[in-house]
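In what follows, every heavy atom counts, from backbone to side chain, and hydrogens, waters and symmetry copies are set aside.
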Amino acid sequence: MITNTELEYKGNLFPSQITSHKKEVDKITFYTKNNVALQISFLRDSVLRFRYAAEQDFETDFSYAICDDATYGYNYLGIEEKEDHFTMHTSKLEVRVSKKDLRLAILDLDGNILNEDELGFHWEESYHYGGNIVKMSKFSQESESFYGMGDKPSQLNLRGKRIENWVTDQFAYSKDQDPLYKSVPFYIGMHHDTAYGIFFDNTFKTHFDFCNERRNITSFWADGGEMNYYFIYGPSVAEVVVGYTDLTGKPELPPLWTLGFHQCKWSYYPESKVKEVTNKFRELQIPCDAIYLDIDYMDGFRCFTWNKDYFPDPKRMVAELAEDGFKTIVIIDPGIKIDKDYWVYKEAVENDYFCKRADGPYMKGKVWPGECNFPDFTNPKVREWWSGLYKELIADIGVKGVWNDMNEPAVMEVPGKTFPDDVRHNYEGNFCSHRKAHNIYGMQMARATYEGLKKYSFPKRPFVITRAAYSGTQRYTSSWTGDNVATWEHLWIANVQVLRMAMSGMSFTGSDIGGFAEQPSGELFARWIQLGVFHPFCRVHSSGDHGNQEPWSFDDEVTNITRKFIELRYQLLPYLYTMFYDYTENGIPMLKSLVYFDQEDPHTHYRNDEFIFGNQILVCPILEPNSKGRRMYIPRGNWYNYWGGEVSKGGKECWVEADIDKIPIFIKEGAIIPKYPVQQYVGEKEIEELTLDVYYKLGKEESNVFEDAGDGYDYKKGRYSLRTFKLTGKENQLIIQQFKEGKYETPYDCFKINLIGLPFKIHAVEIDNVEILMEEVMINGDGNMTIQKEFTQLHIKGF
């Protein structure tokens, strides 16, 4: 039993009674008798921030995670003092603060508890390091579910799990292993069909317990720093994710080619091997846009150098690959080889840019080049220097993207596989130890890389991929899920990780298709490709230790299946690009787990496999060998089987056939899916017409198509095309209205319209209220027609 006189329980300290409070414009601060302060900031009517200071002294208010462009502003804020608590209202939430001990309850305006403190804020002095271990515990509501938390390889619903965030190089990790490569201290709680989010913005090692230690208690704590968290109200899961993504930032649109297929291996060298692989793609007519060079392209693994024995003329090679449609991506790691004759090392030493140990010497650790020092990317001057190192690679040689690896930071042959705790960092002038900076080290390296590529790629857009990340990293880079394994279990893990990352604000993510470690069977590779083409970042990557993982490395059947699904991805590029536009503009994740898509259906709360690709395509991977199909859950509504066209009524589990050359794909009724012709790489062909697959619905549905030049920044000046199609289906009619905004003129003049599921025979077609002869729209008996793109209304009449 905790009392105000004891204020201590099992070594933990607690706030005492409120003695005063102060209201500023958007902040209310409460002070207690034992010098604890609670500051509540009202960022929006549905977004609140809670900061606690154990001795009334708040830390410098700085965050790497929070975006400068986050939305702020509320409609109403009122405070009222009651007998035993204070009450604050916005237009969406009520917050109650106990006068006795600062414990909180957050309610909706109907008086329903959304989130309530159990012990609330408490802390424990850290005698070993100084400062406090800060803690928070809350009641779990009835049947509450928990989602989010980044790349955790567990079932989507985290109830019953205990996890931590400490960015770790975890080669060949397994299901439920923790921690991994990313720290995303954000979760979504959902109960009684209502969702909220909590983002614990603390870069120390953080811990989360979702009813593991105590059945109905959720808690989170950090090994140092502040108890500083944001509460984001839904009530839908979608609104929580969008709110969190607005807070931590949205990316720019990537170049369209980055959404194509990428091929990678450790390692493609020498130049003749690179050309052999790229030539084979073109020979077999398997689309591919990017080829990767791993650490062996460097001179002795020294970053920003080339091994001239393997690559005698990099600029020529990169140009020749570009002529064949391949963009070259190179790896850059943070470890800089200790070598007095190495220009990068000399510059860093001359300017004192390396991380130091507590007693003064540079942090030294072994990675691929041998003994290395490591730049302090938390220092703005170091990031500026690092960004400038990319000039030769990008501006002179013509490399199109950079892959940052080993940036946890990974260190070989030491306990913990990373820097010691006593390493010091600048942290934007808020000097600190590695305990605080570890989780954001890789993020800040990726940020510096992004800034360099943006500078030297201009007027084109940059492309960066990172392994390590913290909340907000999506502003700078794409990501992948790290060194996985060629097993069926890892196929399941890959899907769950990418879905969880999308719910955690980081949509531009994929896995190493086929598995990085070990060798997949042809069947496993085929099933992984079938899934991977529906992940936002699509790349095959392998260690090469056990064989090759190019599409032709197996038998002809697997090669043909691989080609078929990569071609499908290239057809769906306008749909995928539109998904990305929605993500960059509105923070809407590109992939949606079923609980995101329909949280009111309790059957979705524990589904892991099925997901919505964009807004209107349902995908479910095949996750077991020798499968001829699988049972899957189809969400509520009517869905067309992509392969056969038959309609399934959702809201139930059913058997779906899917032999080795298919996986379950369903299209939401009423959807209009845009498609390009198959290309071997983005930009190979002039797009002469846009295909629109129109799926009939008795009722209404809306679809969008976003297009621009595919690269560059003209889209920010209004030179884009955003088409909105509003479909209305009636018993004997189909009406499609088109609304367009933006100044970009697409290169095609016509739409090829495929009408799917039409329940009537066509007897008349009107375009903008003018009846058109059947021969003019080229109806050919199979439901297809071609019409000019600039129509306002297409009216198809039947009998």
Side-chain angles (χ1 to χ4, degrees), residues 44 46-47 67 69-71 147-148 150 156 184 186-188 190 195-197 199 230 232-254 256 258-259 471-475 477-479 498-510 534-537 572-600 604 610-619 635 637 667-668 670-674 701-708 715-716 720 722-726 739 741-742:
R44 294 165 60 187
S46 57
V47 180
C67 179
D69 297 329
T71 304
Y147 308 93
L156 285 177
V184 187
F186 162 70
Y187 72 85
I188 301 157
M190 187 182 69
Y196 68 89
F199 171 42
Y230 294 80
I232 305 160
Y233 176 53
S236 69
V237 172
E239 288 169 302
V240 173
V241 174
V242 167
Y244 167 76
T245 308
D246 178 79
L247 200 61
T248 57
K250 301 181 282 285
E252 294 181 330
L253 267 176
L256 180 59
T258 66
L259 302 182
S471 294
T473 303
Q474 67 270 9
R475 302 196 297 268
T477 174
S478 62
S479 187
V498 174
L499 288 179
R500 193 189 301 285
M501 288 289 285
M503 289 184 82
S504 304
M506 297 184 184
S507 279
F508 200 4
T509 304
F534 289 103
H535 284 166
F537 178 60
L572 289 173
L573 278 177
Y575 180 85
L576 184 54
Y577 201 48
T578 303
M579 288 162 51
F580 216 115
Y581 172 78
D582 214 10
Y583 172 43
T584 62
E585 288 295 303
N586 305 309
I588 296 172
M590 298 172 72
L591 304 185
K592 300 165 181 65
S593 59
L594 291 196
V595 68
Y596 180 107
F597 185 74
D598 187 1
Q599 72 190 59
E600 294 178 1
T604 67
E610 306 90 344
F611 62 91
I612 309 298
F613 178 69
N615 295 318
Q616 297 163 317
I617 299 179
L618 170 66
V619 180
I667 312 296
K668 187 179 180 184
I672 297 178
I673 306 295
E701 183 73 16
E702 188 172 296
S703 304
N704 297 306
V705 184
F706 175 86
E707 296 171 284
D708 68 356
Y715 77 97
K716 291 191 172 184
Y720 63 87
L722 178 61
R723 301 179 189 274
T724 299
F725 296 105
K726 294 185 177 181
F739 304 87
E741 65 177 77

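Put simply, CD on Glu610 and CG on Leu618 are 7.0 Å apart, with the number rounded to the nearest 0.5 Å. Here the NZ-CD1 distance, from Lys250 to Ile588, works out to 10.0 Å after rounding to the nearest 0.5 Å. With rounding to the nearest 0.5 angstrom, the CG atom of Asp69 is 12.0 Å from the CG atom of Leu247. Between the CD atom in Glu239 and the CG atom in Asp246 there is a gap of 13.0 Å [rounded to 0.5 Å].
The backbone N or O of Ala671 sits nowhere less than 3.5 Å from a side-chain atom of Glu701 that would complete a donor-acceptor pair. Checking side-chain atoms of Thr258 against main-chain N and O of Pro254 turns up no donor-acceptor pair under 3.5 Å. Checked by atom type and distance alone, the side chain of Thr604 pairs as donor or acceptor with a backbone atom of Asp598 at under 3.5 Å. Side-chain N or O atoms of Gln474 include one that pairs as donor or acceptor with a backbone N or O of Gly472 at under 3.5 Å. In this structure a side-chain-to-backbone donor-acceptor pair under 3.5 Å is missing from Arg723 to Phe739. Remark: the backbone N or O of Pro235 is paired with a side-chain donor or acceptor of Gln599 at under 3.5 angstrom.
Residues Leu573 and Leu259 approach most closely at CD2-O, 3.6 Å, considering heavy atoms. What you find for Ser703 and Gly670 is that their closest heavy atoms are OG-O, 4.2 Å. Ala195 approaches Ser236 most closely through the heavy-atom pair CB-C, 3.8 Å. Of all the heavy atoms in Pro674 and Pro574, the pair that sits closest is O-CG, 3.6 Å. Residues Ala502 and Pro589 come closest through the heavy atom pair O-CB, 3.4 Å.
Side-chain atoms of Asn615 and Lys668 form no donor-acceptor pair, as typed in the model, at a separation below 3.5 Å. One side chain, Thr724 or Asn704, offers a donor N or O that lies under 3.5 Å from an acceptor on the other. A side-chain donor from one of Ser471 and Tyr244 sits under 3.5 Å from a side-chain acceptor of the other.
For the pairing with Thr509, the side-chain contact (heavy atoms from CB on, under 4.5 Å) check across Arg500, Met501, Met590 returns one residue only, Met501. With Tyr715 as the partner, the side-chain contact (heavy atoms from CB on, under 4.5 Å) test is satisfied by one option alone out of Thr584, Leu722, Asp708: Asp708.
In this structure, Phe508 has its ring center under 6.0 Å from that of Phe580. The six-membered or imidazole ring of Tyr581 lies near that of Phe706, with a centre-to-centre distance under 6.0 Å. Aromatic pair Phe613/Tyr575: centroids less than 6.0 angstrom apart. Ring centroids of Tyr187 and Tyr147 are separated by 6.0 Å or more, keeping the two rings apart.
Contact check for Val498 versus Phe534: no side-chain heavy atoms found under the 4.5 Å cut-off. Ser593 has its side chain within reach of Met503: a pair of non-hydrogen atoms, C-beta onward, lies under 4.5 Å apart. No side-chain heavy atom of Ile617 sits under 4.5 Å from any side-chain heavy atom of Ile612. Proximity of Ser507 to Thr245: side-chain heavy atoms (C-beta onward) are nowhere separated by under 4.5 Å. Looking at Pro251 and Arg475, their side chains never come closer than 4.5 Å, going by heavy atoms from C-beta outward. A 4.5 Å side-chain heavy-atom check between Leu499 and Leu156 finds at least one atom pair inside the cut-off. With a 4.5 Å cut-off on side-chain heavy atoms, Ile188 and Tyr196 do not count as touching. Inter-residue side-chain proximity for Val240 and Met190 is flagged as unmet; no heavy-atom pair is nearer than 4.5 Å.
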Next on the checklist: Show, in sequence, the C-alpha distance, side-chain angles and deciding distance for Val47 and Tyr233, and conclude whether the side chain to side chain contact (heavy atoms under 4.5 Å, CB included) test is met.
Outcome noted: CA-CA 6 Å; Val47 180; Tyr233 176 53; over 6 Å; no
